[in-house]
Every structure is written in structure tokens, then in C-alpha cells.
There are 2 protein chains.
Amino acid sequence: MKLSTRARYGTRALLDLALHYKSGPVLLKDVARRQRISLSYLQHLIAPMVAEGIVGSIRGVRGGVWLAKPPEEINLGYIIGLLEGSLAPAECVDNPETCSRSGACATQDVWGEIKEAIDTVLESMTLQDLVERQKNKSHEEITYQI
Amino acid sequence: MKLSTRARYGTRALLDLALHYKSGPVLLKDVARRQRISLSYLQHLIAPMVAEGIVGSIRGVRGGVWLAKPPEEINLGYIIGLLEGSLAPAECVDNPETCSRSGACATQDVWGEIKEAIDTVLESMTLQDLVERQKNKSHEEITYQI
DNA sequence: GATTAATTGACTAATAAAGTCATGTATTAT
DNA sequence: ATAATACATGACTTTATTAGTCAATTAATC
């Protein structure tokens with residue numbers, strides 16, 4: 001039950017943008033390099049975010065992309081929702097009608113509880129929280145090197 | 001991020017066996033029919049459980065399979081572990097060394113928290129809990145039909 | 001108008017999951 | 001014994017999804 005690379009790469013890309021929040025446009029190429037994601041793939045991941053308006057973009061020289069909302073207002077549940085859709089571990093959780101056993105199947109309840117648990121974690125965390133964690137980690141790295 | 005059918009079918013099959021706990025061998029064919037799983041597929045799902053010893057089996061006429069441990073002693077985390085392995089949403093959670101960014105990546109923490117949340121749900125529930133839920137549901141169904 | 005950089009669409013490759021089929025082995029009943 | 005039954009195992013096929021690439025387009029700046 002793995003998260004898709006869309007969700008993982010996309011989240012990393014947004015974190016990268018959050019770390020450069022309010023520093024003007026950032027080249028997608030640079031995000032790709034820093035996050036070790038191929039540029040062509042990243043372009044496809046970022047598109048829905050631009051469409052959604054949480055990422056701003058401008059083309060051409062001195063163009064680039066940037067986070068269009070404050071990182072503390074973007075929670076991870078929303079991001080993952082955009083990138084991957086629902087994290088229900090079984091189809092029947094979101095669409096009970098797709099399974100004839102629905103309503104008479106105890107396992108469905110469990111899958112529902114799992115979804116809830118995942119969503120709780122993701123909704124309780126914002127990009128800003130990630131930024132702070134990330135800064136702590138980078139700092140530790142530097143400290144340890146000395 | 002869907003659970004595999006292995007995990008879902010396997011859990012349903014074990015719940016079926018739990019509902020017939022201490023009633024002697026049950027035909028795999030009957031489990032397959034009740035749970036709407038193809039017999040040949042179910043045979044492959046049940047094999048690791050037999051190997052693990054939580055399902056007993058005997059071949060031949062009057063043979064069958066049965067739950068070899070009390071349902072209240074089997075928690076779902078263990079079952080899913082057998083059927084599908086770890087529910088870590090990213091490889092780096094279980095094997096940090098597979099990602100060069102490990103230790104310097106804040107997203108890894110989030111995936112780790114998700115895994116914990118899932119495991120907490122699964123480990124807090126036993127097959128016996130499922131049996132009770134299932135019996136309530138079946139009862140409701142009958143009641144509503146009247 | 002040349003250059004840069006995001007946008008979009010079509011396409012391919014890789015991987016894993018799902019499922020089937022055939023064969024083998026153990027057990028029981030007659 | 002042997003026929004019937006039912007689990008066990010391995011090889012294989014199919015299907016679906018994800019991941020990723022490539023090429024062409026559009027918009028902005030110098």
C-alpha cells in the first residue's frame with residue numbers, strides 16, 4: 001500500500017517551494033534538480049497545482065513557479081488529495097455501491113477507520129510544519145558536520 | 001494507495017473462518033463461495049496462513065481448513081502483515097538507506113506518522129472484534145427485512 | 001525576433017497485481 | 001487397493017496502473 005510517486009514527489013516539490021516562499025519565481029528546473037525529479041515528470045505533477053491556484057507560474061525569461069498561498073494555510077491532506085485522490089484503502093469506503101457486500105461486511109468498517117486515521121495525520125500538518133522540520137534537519141546536518 | 005486484494009480477500013476469508021471457529025473443518029470451496037473469491041486464488045492466499053500456523057488444514061474427504069487460534073488473539077495488524085507486508089506508504093520509512101535524501105527529508109517523517117496511525121488502528125482490532133461487528137450487521141439486516 | 005521557460009498532449013516502458021490452470025500429495029470411504 | 005475428495009504448489013497469462021519520455025506549443029522577457 002504505497003503512496004504513488006506523484007504524491008511523494010509532488011509533496012517534496014511543494015515543500016521546496018515553501019522553503020522559497022516569497023523569494024520570487026523559482027525555476028522548475030531547479031526544483032527538479034534539488035529534489036532529484038526529472039523535469040518533464042515534475043512539469044506534469046505541478047500542472048494540477050497551478051490549475052488549482054496554490055502554485056503561481058509565469059513563463060519566459062525570469063519566469064518560474066512559486067507558492068501562491070502561505071505555507072501555514074496549506075495542509076497536507078489537501079495536497080495529497082490533489083495529487084493522488086482519496087487515501088481510502090479500499091474502493092468500498094468511498095463508493096459503497098461498488099461492492100455488493102457493502103453494509104453487510106465488517107471489514108469495510110476497518111478500512112474506513114484506516115482512512116480516517118490517515119486523514120487525521122495529514123490534515124493536522126501544514127506545509128509550514130514541514131518547513132520547520134526541514135530547517136531543523138538541515139541545521140542538524142550542518143552541526144554534525146562540524 | 002489501495003490495499004491489495006490479497007489483504008482484503010484474505011481478511012474476509014479469515015473473518016469467515018472466525019465465524020466458524022470451533023465448528024470443525026470448513027471447505028475452502030465454501031469460504032470462496034460465501035466470500036465471492038475464486039477458489040484457485042483463495043488457495044494461494046490461505047497458504048501463507050497455514051504455513052504460519054494460524055490456519056489449520058487437512059486434506060481429503062472430510063478435510064478442510066479452520067482457524068487454529070482463538071479469534072481474540074489474532075489482531076488485524078498481524079494478518080495484514082502476513083498478507084501484504086508493511087503498510088509503510090513509502091519505501092524510505094522501512095528502509096531509509098534506499099533513499100539518499102533520508103535523514104535530511106522532512107516528508108519522510110510524515111510518511112512514518114501515517115504508517116504509525118495505520119498500525120495503531122490495525123493492532124487495536126482483533127478478529128473477534130470483527131466477528132462481533134459482523135454478527136451485529138447480519139442481525140440488523142434480518143431485523144430490517146421484517 | 002531570439003531566447004527562455006512553463007503548458008499540453010501523445011505516447012512508451014516498466015512493474016506489479018490479479019487471476020488461471022495443471023499437476024501433485026495427503027486423507028478418507030468403500 | 002482404489003476411487004474420490006480436497007488442500008498444496010508452481011508456472012504461467014492477463015490486466016491495470018504507474019512512471020516516465022518526447023515533441024510541440026504558448027507566453028514572457030531582453
Side-chain angles (χ1 to χ4, degrees), chain A residues 1-13 16-17 24-33 35-68 80 83-87 89-91 98-99, chain B residues 1-14 16-17 24-33 35-68 80 83-87 89-91 98:
Chain A
M1 196 166 78
K2 292 282 181 284
L3 223 39
S4 64
T5 59
R6 280 183 70 78
R8 289 184 291 111
Y9 291 179
T11 304
R12 290 216 317 252
D16 193 288
L17 293 187
V26 171
L27 291 186
L28 214 43
K29 185 171 53 174
D30 290 340
V31 178
R33 185 177 36 75
Q35 300 299 325
R36 312 259 172 96
I37 305 170
S38 97
L39 175 59
S40 14
Y41 194 37
L42 181 56
Q43 287 171 327
H44 286 281
L45 304 188
I46 214 79
M49 322 261 215
V50 173
E52 191 70 15
I54 73 169
V55 170
S57 74
I58 193 166
R59 305 189 214 196
V61 180
R62 303 205 38 178
V65 296
W66 62 90
L67 203 62
I80 303 288
L83 289 162
E84 169 140 4
S86 163
L87 292 192
E91 183 62 24
T98 54
C99 180
Chain B
M1 196 166 79
K2 293 280 180 287
L3 224 40
S4 64
T5 60
R6 280 183 70 81
R8 290 185 292 111
Y9 292 0
T11 305
R12 292 217 314 256
L14 284 181
D16 192 289
L17 293 188
V26 171
L27 291 187
L28 213 44
K29 185 171 52 175
D30 291 340
V31 177
R33 185 177 36 74
Q35 300 300 325
R36 311 259 173 95
I37 305 169
S38 96
L39 175 59
S40 11
Y41 195 36
L42 182 56
Q43 286 173 327
H44 286 281
L45 303 189
I46 215 79
M49 323 260 215
V50 173
E52 191 70 14
I54 72 170
V55 170
S57 75
I58 194 166
R59 305 190 215 197
V61 180
R62 304 206 38 181
V65 297
W66 61 90
L67 201 62
I80 302 288
L83 288 163
E84 168 142 5
S86 163
L87 291 192
E91 183 62 24
T98 55

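Numbered from 1 within each chain, the chains take letters A, B, ... in sequence-line order.
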Identify every side-chain donor-acceptor pair in residues 2-11 of chain A under 3.5 Å, counting partners at least two apart or on other chains, and give the distances.
from	atom 1	to	atom 2	distance (Å)
A/K2	NZ	B/A88	O	3.0
A/S4	OG	A/A7	N	3.3
A/S4	OG	A/E84	OE1	2.7
A/T5	OG1	A/Y41	OH	3.1
A/R6	NE	A/L83	O	3.0
A/T11	OG1	A/A7	O	2.6

Heavy atom of residues 52-63 of chain B under 4.0 Å from DNA chain D: which residues?
B/S57, B/I58, B/R59, B/G60, B/V61
Work out which heavy atom in [X] is nearest to a heavy atom in [Y]; give both atom names and the distance.
X	Y	answer
B/G63	B/P25	O-CB, 3.5 Å
B/A68	B/G53	CB-O, 3.4 Å
B/L42	B/A13	CD1-CB, 3.7 Å
A/S38	A/A32	C-CB, 4.4 Å
B/H44	B/P48	O-CD, 3.3 Å
B/V65	B/L17	CG2-CD2, 3.9 Å

OP1 or OP2 of D/dT21 sitting under 4.0 Å from any side-chain N/O of A/S38?
yes
According to the side-chain hydrogen bond (donor to acceptor under 3.5 Å, both in side chains) rule, which pairs have a member within residues 56-65 of chain A, sequence neighbours left out?
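Counting only pairs at least two positions apart or across chains, no side-chain hydrogen bond (donor to acceptor under 3.5 Å, both in side chains) contact touches residues 56-65 of chain A.
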Rounded to the nearest angstrom, tell me the gap between atom [atom1] in [X] and atom [atom2] in [N].
X	N	atom1	atom2	value
B/Q43	D/dT5	CD	P	16 Å
B/Y41	D/dA8	OH	C1'	17 Å
B/K29	D/dA8	NZ	P	15 Å
B/M1	D/dA19	CE	P	13 Å
B/W66	D/dA6	CH2	P	14 Å
A/H44	D/dG20	NE2	C1'	9 Å

Residue closer to the 5' end of DNA chain D, A/L39 versus B/L27 (nearest nucleotide):
B/L27
Atom pairs, N/O to N/O, protein against nucleotides 12-17 of chain D, distance under 3.5 Å?
none

Run the salt bridge (charged side-chain N to carboxylate O under 4.0 Å, His left out) test against B/R33 and tell me which residues pass, sequence neighbours left out.
B/D30
Contact boundaries on DNA chain C for chain B, cut-off under 4.0 Å to non-hydrogen atoms
C/dA18 to C/dA29
Once you round to the nearest 0.5 Å, how far does CD1 of B/I54 lie from CD1 of B/I46?
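With rounding to 0.5 Å, CD1 (B/I54) is 8.0 Å from CD1 (B/I46).
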B/Q35: partners by side chain to side chain contact (heavy atoms under 4.5 Å, CB included), with sequence neighbours left out
A/R101, B/R12, B/D16, B/V31, B/I37
By a strict heavy-atom criterion of less than 4.0 Å, which residues belonging to residues 2-11 of chain B are in contact with DNA chain C?
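Listed by number, they are B/S4, B/T5, B/R6, B/Y9.
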By side-chain hydrogen bond (donor to acceptor under 3.5 Å, both in side chains), which residues pair with B/E91, not counting sequence neighbours?
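B/E91: no side-chain hydrogen bond (donor to acceptor under 3.5 Å, both in side chains) contacts found.
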Apply side-chain hydrogen bond (donor to acceptor under 3.5 Å, both in side chains) to B/S86 and list each qualifying residue two or more places apart in sequence or on a separate chain.
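B/S86 satisfies side-chain hydrogen bond (donor to acceptor under 3.5 Å, both in side chains) with B/D94, B/K115 only.
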